[in-house]
Amino acid sequence: MNSSNYYTSLIDKINAGGKRKPKIAKGTRDYGPEQMRIREQVFATIRRVFKRHGGVEIDTPVFELKEVLTGKYGEDSKLIYDLADQGGELLSLRYDLTVPFARFLAMNSVGNIKRYHIAKVYRRDQPQLARGRYREFYQCDFDVAGNYPPMVPDAEVITVAVEILSELPVGSFIVKLNHRKLLDAIFELSGVPVEKFRPICSAVDKLDKLPWEDVKKEMVFEKGLSEEVADRIGLFVNRKGDPRELLNAFNNEKVFGDHVQANQALIDMKILFDYLDAMGSLSFISFDMSLARGLDYYTGVIYEIVLVDGTSQVGSISAGGRYDNLVGMFSVSGAQTPCVGVSIGIERVFAILEKKAEELKLLQSSVIQVFIASIGPGLITQRMRLANLLWKSNISTEYSHLENPKLVKQLDEVLERKIPFMIVFGEDELQQGVVKLKIMSKHEEITISIDKLVEGLLEHGCLQLSPGIDLSLINAM
């Protein structure tokens, strides 16, 4: 049997068994036009904030050498997607945008940089679609790399996240903030063996979801700590509150004694709180000793932004921190580049805004501003000419593609799609150089000169598409 007959036979066998219903991979989803309208506007808001803080955009491959990602994520390393060996390099899909950025810095001499990156990442996590947790999802990262005075970039990065979430209608939120050196000091002073710092750190990080007694049981029965050591940890990690009040309490009580790193971290926190106050972000901060963030690469300030409903926390929406040693892992010379960044959990944002849009019936409105209708045969080219006039003025416009559409059908389409403006004309109007403009929300109709059509539409509230993108380089080519 030749190959052609073989494949024909195979296709016949498949068809004989009935077609399989198409499915989408677990932890992923499709996005229709309505969802994409929300995503487009959210991304535009985020980019605007990134850019006004001087951010520049980069991109990196969706997959990295496996060795680049290995050993950077602590217990979460098991969630990395490894690609099948194709007889060459061992590759993995990127888990986040931070490690690829560190690799990028090690390979490129960029000096001080405020970088942002909006792209998809991949995790073999248990999906929770209703909460916006997927296996394929976007991250929106803003990082400052290079040498700056202490706490200056840290304060700005946190402020960037606060500004974004304040401009998006996601609801109330707080920024939980801690310092990795304080956590290490807590473990050291409590008697935790050094090799257990990271596993205990991961246990402490669960305090936002579990009561202290459950976390303590994990430390004792799963991580092998003595109950006495766990109790000493509990004296620290259950404290949280107003940033300056808690900081003053730590200093007055001398809870860290003469621990050098812890006391330096407290000095850093005072500076950070002063800078956040100057930037208008301090009111969002909660100094929270239970925040541990399990990733291995954090070295200084860490933070997580959570949505709040009254007094309860309903989900994390952003996180980040300082990672001064990550770039050195990829540098041949071992040279370090101090970095601090934040990542917006954008899928969580989308889930919230999609639900709000559905409740308010916002997605029923059309993205089209104007529909061009005609009365009589043979006017399709005239409809096209009018559409072209409006397109050149950045007005979103459509018209019937039928040769001789009936007016009632055209009107039905306008009403069904909730298009706010309708232009109607026939041979008589064309001879006079006018059209009839229907303002659908007011049930009004006016006759207007074609020469004044754009001006008339704008006067009655028609929206123009905003360019939104800097095309100065392309236009200059």
Side-chain angles (χ1 to χ4, degrees), residues 30-45 47-48 353-354 357-358 360-477:
D30 292 322
Y31 297 91
E34 294 84 4
Q35 290 80 33
M36 290 306 297
R37 284 179 65 188
I38 296 173
R39 293 166 78 88
E40 181 183 24
Q41 294 181 32
V42 170
F43 283 141
T45 300
R47 275 195 166 91
R48 184 174 65 240
L353 298 190
E354 283 178 22
E358 289 173 4
L360 297 172
K361 296 181 169 49
L362 298 178
L363 296 179
Q364 294 179 7
S365 61
S366 176
V367 296
I368 302 300
Q369 288 290 296
V370 180
F371 188 91
I372 300 172
S374 60
I375 303 171
L379 296 177
I380 188 169
T381 56
Q382 284 77 8
R383 296 198 300 273
M384 290 177 176
R385 287 192 178 95
L386 279 178
N388 189 46
L389 172 68
L390 300 185
W391 292 337
K392 288 182 177 178
S393 295
N394 275 324
I395 295 174
S396 182
T397 306
E398 283 193 358
Y399 59 91
S400 173
H401 298 114
L402 299 177
E403 184 69 30
N404 299 311
K406 293 182 178 180
L407 180 60
V408 67
K409 294 288 188 181
Q410 296 173 91
L411 180 59
D412 286 345
E413 183 170 355
V414 170
L415 293 172
E416 182 179 342
R417 297 173 63 186
K418 293 183 169 57
I419 298 174
F421 299 95
M422 183 178 184
I423 293 170
V424 182
F425 67 90
E427 288 288 358
D428 292 343
E429 285 80 13
L430 288 179
Q431 289 177 9
Q432 299 173 50
V434 300
V435 293
K436 291 178 180 177
L437 173 59
K438 292 181 178 290
I439 304 150
M440 305 305 293
S441 62
K442 298 180 179 179
H443 304 287
E444 292 181 4
E445 179 180 289
I446 61 174
T447 300
I448 188 170
S449 165
I450 293 175
D451 293 339
K452 300 288 185 181
L453 180 57
V454 172
E455 182 181 336
L457 281 165
L458 298 179
E459 286 177 356
H460 285 88
C462 181
L463 300 177
Q464 286 177 294
L465 294 172
S466 172
I469 302 173
D470 180 10
L471 298 177
S472 58
L473 290 177
I474 295 175
N475 293 335
M477 291 178 184

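When a residue number appears, it is its place in the shown sequence, counting from 1. Quick note: numbers below take in every heavy atom, side chains included, and nothing from hydrogens, waters or symmetry partners.
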request  = Determine which pairs satisfy ring pair (Phe, Tyr, Trp, His ring centres under 6.0 Å) with at least one residue from residues 393-424, sequence neighbours left out, and list them in order.
outcome  = Tyr399-His401
Can you tell me how far apart [atom1] ([X]) and [atom2] ([Y]) are? Round to the nearest 0.5 Å.
X      : Y      : atom1 : atom2 : result
Gln369 : Ile395 : CD    : CD1   : 8.0 Å
Gln432 : Ile450 : CD    : CD1   : 10.5 Å
Leu402 : Asn404 : CG    : CG    : 8.5 Å
Leu386 : Trp391 : CG    : CH2   : 10.5 Å
Gln431 : Phe425 : CD    : CZ    : 12.5 Å
Arg385 : Ile380 : CZ    : CD1   : 11.5 Å

Taking every non-hydrogen atom, the tightest pair across [X] and [Y]:
X      : Y      : answer
Gly426 : Leu379 : CA-CD1, 4.1 Å
Ala373 : Leu407 : CB-CD1, 4.3 Å
Ala387 : Ile372 : N-CD1, 3.2 Å
Val434 : Ser449 : CG1-CA, 4.1 Å

task = Just do the side chain to side chain contact (heavy atoms under 4.5 Å, CB included) check on Gln35 and Asp30 with the steps written out, would you?
result = CA-CA 9 Å; Gln35 290 80 33; Asp30 292 322; over 6 Å; no
ask   = Yes or no on side chain to side chain contact (heavy atoms under 4.5 Å, CB included) for Leu415 and Met440, after CA distance, side-chain angles and deciding distance?
value = CA-CA 8 Å; Leu415 293 172; Met440 305 305 293; 3.7 Å; yes
query = Are any side-chain N or O atoms of Arg383 and backbone N or O atoms of Ser400, one a donor and one an acceptor, separated by less than 3.5 Å?
reply = yes
Inter- and intrachain pairs under side chain to side chain donor-acceptor pair (under 3.5 Å), touching residues 409-426, at least two apart = Glu398-Arg417, Glu413-Arg417
message = Atom CD of residue position Gln464 - does it have more than 12 heavy atoms of other residues, nucleotides or ligands inside 6.0 Å?
response = yes
task = Check ring-ring contact (aromatic ring centres under 6.0 Å, His included) between His443 and all other residues, then give those that pass, not counting sequence neighbours.
result = none
task = Could you walk me through whether Thr397 and Ile423 pass side chain to side chain contact (heavy atoms under 4.5 Å, CB included), step by step?
result = CA-CA 10 Å; Thr397 306; Ile423 293 170; over 6 Å; no
query = Between Leu390 and Leu453, does a side chain to side chain contact (heavy atoms under 4.5 Å, CB included) hold up when you go through it step by step?
reply = CA-CA 9 Å; Leu390 300 185; Leu453 180 57; 4.1 Å; yes
